[in-house]
Chemist: 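Sharing a structure with you now.
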Amino acid sequence: STQSTWGIKVITGGVSVSQSLLNLKWDHIFYTGSTSVGKFIMEKASKHLTPVTLELGGKCPVIVDASAKVEAAVNRILGGKLLNAGQTCLAPDYVLVHSSLEKSLVNGLIEHINKNYGQGSPLKSNKDYGRIISSNHVQRITNLIKTTSGEVVLGDVNSIDESDRFIPPVLILNPHLDDPIMNEEIFGPVLPIITFNSLDSALEIINNKERALALYVFAENKKVANRVLSSTMSGGACVNSVIEHYTDHNMPFGGTGCSGLGKYHGKYGFDEFTHLRSVVYKSTLSKAFVLPPPPYPEYLYGLAVKMSITGFLNRTQRKILNFVKKILIGAAVTTSLSLIFQKGKLLLSN
């Protein structure tokens, strides 16, 4: 073909094709997917010291504080969780709810699912409810449900249809923190719910896990919301919402730690794929270099340190200088206002 393919070239294929591509030298590699594959890609990229942007996943936690509005939390948590049957990297992975709201939240979640998606056959035939991407993932998610020590309060494994890749929404109350479902990204329509009595215990659960791609907190108490944000680390976060930070192209999107590195969206994406090269153009009127030729005088090192690092004044001297600057600026403003006022009076008298 005579058509140029310099700009964009799409290559389709599976694992073998991806591995072959990773053996080549690239200017930049961008990947979105699982943490395990992200580590493999980063290892491959290290051979050529290729920079990478990795948008991975993890277990995105939700905190529902005692001050939260339950109806809003229910609608928004399930809106994010059941989108594409839970198969998004930003889907709420598990919920930590204050004990005072446990019953109302669980009942609200069950009512919302039954009302908007149906039960049994109506749910399975609901065109707005998705299917799991492959049979392997159906088996993986089924095993997570079977091995939990928590109470399944909605849905069950008997409703799963592997041939149709169908898994109904499943709610699991208070699984053990050592359960596989609390240590593996679910990536499906299964939502563990854990009760807490103190915010410290909820924060401890989150901070004992790898950093997530997103963190969500529902709280009308701003002090609680701010404490959650200041006490945790995640790629992004929402207060009284889920996933919505992803939709604003003016905000950088990306992970941290095991949830990824680098950021994109809008200009942040342009910058991510751009190498910022510093260039100096200098006149040749003077033939000298920035440093004189040797032998170097003894004072040169101290001069260089002051010029590039410490400056020529100590802290006290800088404070005095700033104080004098403020006085001079104030005097200049006062003089200017005085002249303007006098000129105004002169114009009025004429």
Chemist: Mind checking side chain to side chain contact (heavy atoms under 4.5 Å, CB included) for T274 and listing every partner two or more places apart, or none if nothing turns up?
Modeler: F270, L276
Chemist: Tell me, do I77 and V64 make a side-chain contact under 4.5 Å, heavy atoms counted?
Modeler: yes
Chemist: State, yes or no, whether a side-chain contact exists between C60 and P92 at a heavy-atom distance under 4.5 Å.
Modeler: no
Chemist: Under 6.0 Å between the ring centres of Y246 and H265?
Modeler: yes
Chemist: Is the backbone of E204 close enough, under 3.5 Å, to the side chain of N208 for a donor and an acceptor to pair up by distance?
Modeler: yes
Chemist: For S34 and L56, work out which heavy atoms get closest and say how close.
Modeler: O-CD2, 3.4 Å
Chemist: Kindly write out the residues that satisfy ring pair (Phe, Tyr, Trp, His ring centres under 6.0 Å) with H28, not counting sequence neighbours, or none if the list is empty.
Modeler: F273
Chemist: Do you reckon L22 sits in the same ILVMFWY cluster as Y31, going by side-chain contacts under 4.5 Å, direct or chained?
Modeler: yes
Chemist: Side chains of residues 10-20: which donor-acceptor partners sit under 3.5 Å, not counting sequence neighbours?
Modeler:
unit_1, atom_1, unit_2, atom_2, d
S18, OG, G14, O, 3.2
S20, OG, S16, O, 3.0

Chemist: Check whether L173 and L154 end up in the same hydrophobic cluster, where Ile, Leu, Val, Met, Phe, Trp and Tyr are linked by side-chain heavy atoms less than 4.5 Å apart.
Modeler: yes
Chemist: Is there a donor-acceptor pair under 3.5 Å between the side chain of T50 and the backbone N or O of D27?
Modeler: no
Chemist: Can you name the salt bridge (Lys or Arg N to Asp or Glu O under 4.0 Å) partners of R131, sequence neighbours left out?
Modeler: D164
Chemist: Within the side chain of S231, is there an N or O that forms a donor-acceptor pair under 3.5 Å with the backbone of V228?
Modeler: no
Chemist: Does any part of the side chain of I132, heavy atoms only, come nearer than 4.5 Å to the side chain of P189, both counted from C-beta?
Modeler: yes
Chemist: side-chain contact (heavy atoms from CB on, under 4.5 Å) between L83 and L90: does it pass, once the steps are laid out?
Modeler: CA-CA 10 Å; L83 179 67; L90 290 169; over 6 Å; no
Chemist: Taking atom types as modelled and ignoring hydrogens, do the side chains of S163 and D161 form a donor-acceptor contact shorter than 3.5 angstrom?
Modeler: yes
Chemist: Going from OG on S99 to CZ on F196, what distance comes out if it is rounded to the nearest 0.5 angstrom?
Modeler: 8.0 Å
Chemist: Answer yes or no: is there a side-chain heavy-atom contact under 4.5 Å between N84 and F187?
Modeler: no
Chemist: Decide yes or no for L123 and Y129: does some side-chain heavy atom of the first lie under 4.5 Å from some side-chain heavy atom of the second?
Modeler: yes
Chemist: Could you list the residues that satisfy side chain to side chain contact (heavy atoms under 4.5 Å, CB included) with A304, not counting sequence neighbours?
Modeler: none
Chemist: Take atom NE2 in H48; do more than 12 heavy atoms of anything else shown fall under 6.0 Å from it?
Modeler: yes
Chemist: How many angstroms lie between atom OG of S234 and atom CG of L215, to the nearest 0.5 angstrom?
Modeler: 5.0 Å
Chemist: Would you check if the side chain of S159 reaches a backbone N or O of G155 as a donor-acceptor pair within less than 3.5 Å?
Modeler: no
Chemist: What I'd like to find out is whether the side chain of V74 reaches to under 4.5 Å of the side chain of F218, using heavy atoms alone.
Modeler: no
Chemist: Taking M182's backbone N and O only, do any of them form a donor-acceptor pair with D179's side chain (distance below 3.5 Å, no angle check)?
Modeler: no
Chemist: Residues in salt bridge (Lys or Arg N to Asp or Glu O under 4.0 Å) with D271, at least two apart?
Modeler: K267
Chemist: Could you check whether atom CD of E220 has more than 12 heavy atoms from other residues, nucleotides or ligands sitting under 6.0 Å from it?
Modeler: yes
Chemist: For S100 and H98, does a side-chain donor sit closer than 3.5 Å to a side-chain acceptor?
Modeler: yes
Chemist: For a quick test of your reading: what N or O donor-acceptor pairs under 3.5 Å do the side chains of residues 284-303 make, sequence neighbours left out?
Modeler:
unit_1, atom_1, unit_2, atom_2, d
S286, OG, A288, N, 3.4
K287, NZ, T284, O, 3.2

Chemist: Between NZ of K209 and SG of C258, what distance do you get to the nearest 0.5 Å?
Modeler: 12.5 Å
Chemist: Is it possible for you to say whether V138 and V170 belong to one hydrophobic cluster, with membership spreading through side-chain heavy-atom contacts below 4.5 Å?
Modeler: yes
Chemist: Where is the tightest heavy-atom contact between V242 and G80, given as atom of each residue plus distance?
Modeler: CG2-CA, 3.9 Å
Chemist: Under the salt bridge (Lys or Arg N to Asp or Glu O under 4.0 Å) test, which residues partner D200, sequence neighbours left out?
Modeler: R227
Chemist: If you look only at pairs with a residue in residues 236-245, which of them pass as a side chain to side chain donor-acceptor pair (under 3.5 Å), with sequence neighbours excluded?
Modeler: S241-E244
Chemist: If you compare all heavy atoms of L101 against all heavy atoms of A68, which two are closest, and at what distance to 0.1 Å?
Modeler: CD1-O, 4.0 Å
Chemist: What's the separation between atom CD1 in I41 and atom OG in S46, rounded to the nearest 0.5 Å?
Modeler: 12.0 Å
Chemist: Does anything in residues 55-97 form a ring pair (Phe, Tyr, Trp, His ring centres under 6.0 Å)? List the pairs, not counting sequence neighbours.
Modeler: none
Chemist: Quick one: are L328 and F323 in side-chain contact, heavy atoms under 4.5 Å?
Modeler: no
Chemist: Restricting to pairs with a member in residues 139-153, which pass salt bridge (charged side-chain N to carboxylate O under 4.0 Å, His left out), not counting sequence neighbours?
Modeler: R140-E184
Chemist: What I'd like to find out is whether the side chain of I29 reaches to under 4.5 Å of the side chain of L54, using heavy atoms alone.
Modeler: no
Chemist: Does atom CD of E102 have more than 12 heavy-atom neighbours, drawn from other residues, nucleotides or ligands, at distances under 6.0 Å?
Modeler: yes
Chemist: What pairs of residues pass the side chain to side chain donor-acceptor pair (under 3.5 Å) test when at least one of them lies in residues 54-79, not counting sequence neighbours?
Modeler: T32-E55, E55-Y264, K59-D93, D65-S67, N75-H112
Chemist: Let me check something: do V62 and V97 share a hydrophobic cluster, defined by ILVMFWY side-chain heavy atoms less than 4.5 Å apart, either directly or through other members?
Modeler: yes
Chemist: What distance do I113 atom CD1 and L78 atom CG have between them, rounded to the nearest 0.5 Å?
Modeler: 5.0 Å
Chemist: Any link between V70 and I194 through a network of hydrophobic side chains (Ile, Leu, Val, Met, Phe, Trp, Tyr) touching at under 4.5 Å?
Modeler: no
Chemist: Looking at E272 and T53, what are the two nearest heavy atoms and their distance?
Modeler: OE2-OG1, 2.7 Å
Chemist: Would you please test K39 and T35 for side-chain contact (heavy atoms from CB on, under 4.5 Å) and show each step?
Modeler: CA-CA 6 Å; K39 291 179 179 179; T35 301; 3.9 Å; yes
Chemist: Minimum heavy-atom separation for L213 to C89, with atom names?
Modeler: CD2-SG, 3.6 Å
Chemist: Yes or no on side-chain contact (heavy atoms from CB on, under 4.5 Å) for V106 and I193, after CA distance, side-chain angles and deciding distance?
Modeler: CA-CA 8 Å; V106 172; I193 304 164; 4.2 Å; yes
Chemist: Looking at every non-hydrogen atom in both residues, tell me the closest pair between T256 and A212 and how far apart they are.
Modeler: CG2-O, 4.5 Å
Chemist: What distance do H176 atom NE2 and I181 atom CD1 have between them, rounded to the nearest 0.5 Å?
Modeler: 14.5 Å
Chemist: Ignoring hydrogens and geometry, is there a side-chain-to-backbone donor-acceptor pair from N174 to G150 under 3.5 Å?
Modeler: no
Chemist: Within the supplied structure, the quantity of interest is the number of heavy atoms (other residues, nucleotides, ligands) at a distance under 6.0 Å from L177 CG; does it exceed 12?
Modeler: yes
Chemist: Given 3.5 Å as the limit, does a donor-acceptor pair link the side chain of K81 with the main chain of G188, or not?
Modeler: yes
Chemist: Walk me through whether V224 and I63 qualify under side-chain contact (heavy atoms from CB on, under 4.5 Å).
Modeler: CA-CA 10 Å; V224 170; I63 289 182; 5.8 Å; no
